[in-house]
Amino acid sequence: MWKQRLRETTIDSELAAQFNLSPVVASLFASRGISSADEINYWLNGTLADLADPFLFNEMDKTLERIMAAIDAGEQITVYGDYDADGITSTVVLVETLQILGAEVNYYIPSRFKDGYGPNLRKYEELIAAGTKLLITVDNGITGATEIDEMAKRGVDVIVTDHHTIPARLPLAYSIIHPKLSNQSYPFHDYSGVGVAYSLARALMDGDPLEDLLDLVAIGTIADLVPLRGENHLLVKYGIEVIKQQNRLGLNALLDVAKIQLDNLTAQDISFGFAPRLNSIGRLDDANKAVELLLAEDEEVAHKLAQELEDQNVRRKEISEEAFETAQELIAAQQLDKNRTLVVVGPDFHEGVLGIVASRLIQRYHRPTIVLTKDSSGLLKGSGRSVEGFDIFAALEPLSHTLLSKFGGHTMLAASVCLRRIWQNSVRLSSRLTYHKRLKPVICMIQVLTLIN
């Protein structure tokens, strides 16, 4: 499906001459919305010194005061991450920074299968019972009002660092570091989770750019598919150079097993090399192993863990291909391709590949898609993807406290969709979607109807 690009395809000739841009390069800049002298100069000549002051984030001062108080008192700090590459790298960035500061810090990456996406009250309670006094979320937490509010009632402080779409009601966290909060002073808003965690790390280190962490920041930024412009471009540009220095045993081991060449390493190499392997372990097994890999200080341990990630990546490809073929068969059999949205239920789909299958169905059918499967408890779990011009997060949010028990994500991505209950018999889902005539993002509702066959 072809879509006309709405942006200009060229920039002012005098501006192109000022920066000695060829017509092709000038066209590329313009097509990405980079058309002013400041934007072009930032892209071509920006350095880490050009990153904005992290203290411009709302509640950054308050956040640092609480963290430093925890360090001074020897309190146990737990970094609570997420099971994708962005969440994994976010966790390592903050853990390493806190270790430098002498904190009593550990981490936990929730299980996709046991804990689900984002905040989990049962897991929070276990961590608190084990001694955690301060909980810091990375790459999640903004949709965790129920869980975090309960922690606040019990006198437990939770600091949220996140970048996902902000819901109608914010959690009662001790503080929230988020680039898209209203009245936000920080000038850049398109960070991934690791970009936000890195901003907190910079603030903790009094503005130090922490170049040794940029390898992780680049990987998480690329893996999460945020726009590679502005500060994201700088982080990836310098992060690639840090990867080439081969300072991290875990990444070196991944380079080896994945046969990734460092010569002329590009963002595409990271996207198709590092990112899928870090993601696969969380899709099929325990993502804490990926954190162990990136924190590894023993070469033999690093290679063992890297090989495990490689093996899981091969398995992930096989499972996702099988699920994609089955999904297409279900769509054809039920004539779902006549709907304006796709809601596909496969009772035997592996939970870990639902997002991959949804993405591939988007490419095939070009419409908002949710792929669901039933877990061992009878809960329908799923992942959604959307098309440009339709805000799937806004469409689903009205169901977040009724039909959906877990929900979070972006405008183009519903990272986790869980239906509260289903009937014991087989389940068929259909959907109805109201589009704005001009396909502009509007608050729409996908009505998911459960019917007994």
Side-chain angles (χ1 to χ4, degrees), residues 78-99 105-118 120 123 136-140 192-195 197-198 201 212-225 239 242-243 246-260 269-317 319-320 350-353 355-356 415:
T78 297
V79 178
Y80 190 94
D82 190 29
Y83 42 64
D84 66 358
D86 188 22
I88 290 163
T89 52
S90 300
T91 300
V92 178
V93 162
L94 201 51
V95 166
E96 287 198 347
T97 303
L98 290 170
Q99 286 175 338
V105 59
N106 59 10
Y107 62 86
Y108 183 75
I109 304 292
S111 165
R112 182 188 294 266
F113 314 105
K114 295 186 299 182
D115 305 320
Y117 170 75
N120 181 290
K123 194 69 225 180
I136 306 176
T137 72
V138 290
D139 193 34
N140 75 96
S192 63
V194 74
Y198 171 69
D212 287 347
L213 296 178
L214 288 175
D215 51 356
L216 303 172
V217 179
I219 292 170
T221 298
I222 292 169
D224 217 51
L225 302 178
V242 174
I243 293 173
Q246 294 186 274
N247 294 327
R248 192 175 298 275
L249 288 179
L251 290 185
N252 294 341
L254 270 184
L255 284 166
D256 184 40
V257 300
K259 308 279 192 296
I260 300 172
D269 295 322
I270 293 174
S271 181
F272 292 97
F274 289 121
R277 289 162 174 84
L278 291 173
N279 280 326
S280 290
I281 195 71
R283 292 187 184 279
L284 304 182
D285 194 7
D286 181 3
N288 286 281
K289 294 177 182 178
V291 178
E292 292 176 35
L293 170 67
L294 297 177
L295 290 171
E297 297 181 353
D298 180 276
E299 190 170 344
E300 184 177 346
V301 170
H303 273 274
K304 181 180 178 181
L305 289 167
Q307 187 59 57
E308 189 166 351
L309 265 64
E310 177 67 16
D311 294 342
Q312 293 288 19
N313 190 47
V314 172
R315 181 169 168 248
R316 185 268 307 168
K317 291 179 182 178
I319 293 172
S320 58
H350 194 291
E351 288 181 35
V353 301
I356 295 173

Any chance you could measure [X], atom [atom1], to [Y], atom [atom2], to the nearest 0.5 Å?
X: Asp285; Y: Gln312; atom1: CG; atom2: CD; value: 5.0 Å
X: Glu300; Y: Leu305; atom1: CD; atom2: CG; value: 11.0 Å
X: Ile136; Y: Thr78; atom1: CD1; atom2: OG1; value: 9.0 Å
X: Asp84; Y: Ser90; atom1: CG; atom2: OG; value: 8.0 Å
X: Asn252; Y: Asp256; atom1: CG; atom2: CG; value: 9.0 Å
X: Leu254; Y: Lys259; atom1: CG; atom2: NZ; value: 12.0 Å

So, [X] side chain and [Y] main chain: donor-acceptor pair closer than 3.5 Å or not?
X: Arg248; Y: Leu294; answer: yes
X: Asp86; Y: Gly193; answer: yes
X: Arg283; Y: Val353; answer: no
X: Asp224; Y: Gly220; answer: no
X: Asp215; Y: Val242; answer: no
X: Asp139; Y: Gly87; answer: yes
X: Arg315; Y: Asp311; answer: no

* To do: Flag the pair Phe274 / Ile243 as yes when at least one side-chain heavy-atom distance between them is below 4.5 Å, and no otherwise.
  =>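 Yes, their side chains come closer than 4.5 Å.
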* To do: Could you check Asn288 against Glu292 for side-chain hydrogen bond (donor to acceptor under 3.5 Å, both in side chains), going step by step and ending with a plain yes or no?
  => CA-CA 6 Å; Asn288 286 281; Glu292 292 176 35; over 6 Å; no
* **Salt bridge flag under 4.0 Å for residues Asp115 and Lys123** =>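 Looking at Asp115 and Lys123, the cut-off is not met.
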* Step by step, work out the side-chain contact (heavy atoms from CB on, under 4.5 Å) result for Leu249 and Asp298. => CA-CA 7 Å; Leu249 288 179; Asp298 180 276; 5.7 Å; no
So, for [X] and [Y], which heavy atoms are closest and what is the spacing to 0.1 Å?
X: Ile88; Y: Tyr83; value: CD1-O, 4.0 Å
X: Ala290; Y: Leu278; value: CB-CD2, 4.1 Å
X: Val138; Y: Ala197; value: CG1-CB, 4.3 Å
X: Asn106; Y: Val95; value: O-CG2, 4.4 Å
X: Thr91; Y: Gly81; value: OG1-CA, 3.4 Å
X: Ser280; Y: Arg316; value: OG-NE, 3.3 Å

* To do: For atom NZ of Lys304, decide whether the heavy atoms of other residues, nucleotides or ligands shown that lie under 6.0 angstrom number more than 12.
  => no
* **Gln246 atom CD: more than 12 heavy-atom contacts under 6.0 Å** => yes
* Asked: What orientation do Tyr80 and Tyr108 show, parallel under 30°, tilted 30 to 60°, or perpendicular over 60°?
  ->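 Tyr80 vs Tyr108 ring planes: tilted.
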* Test side-chain contact (heavy atoms from CB on, under 4.5 Å) applied to Leu214 and Tyr198, step by step -> CA-CA 9 Å; Leu214 288 175; Tyr198 171 69; 3.7 Å; yes
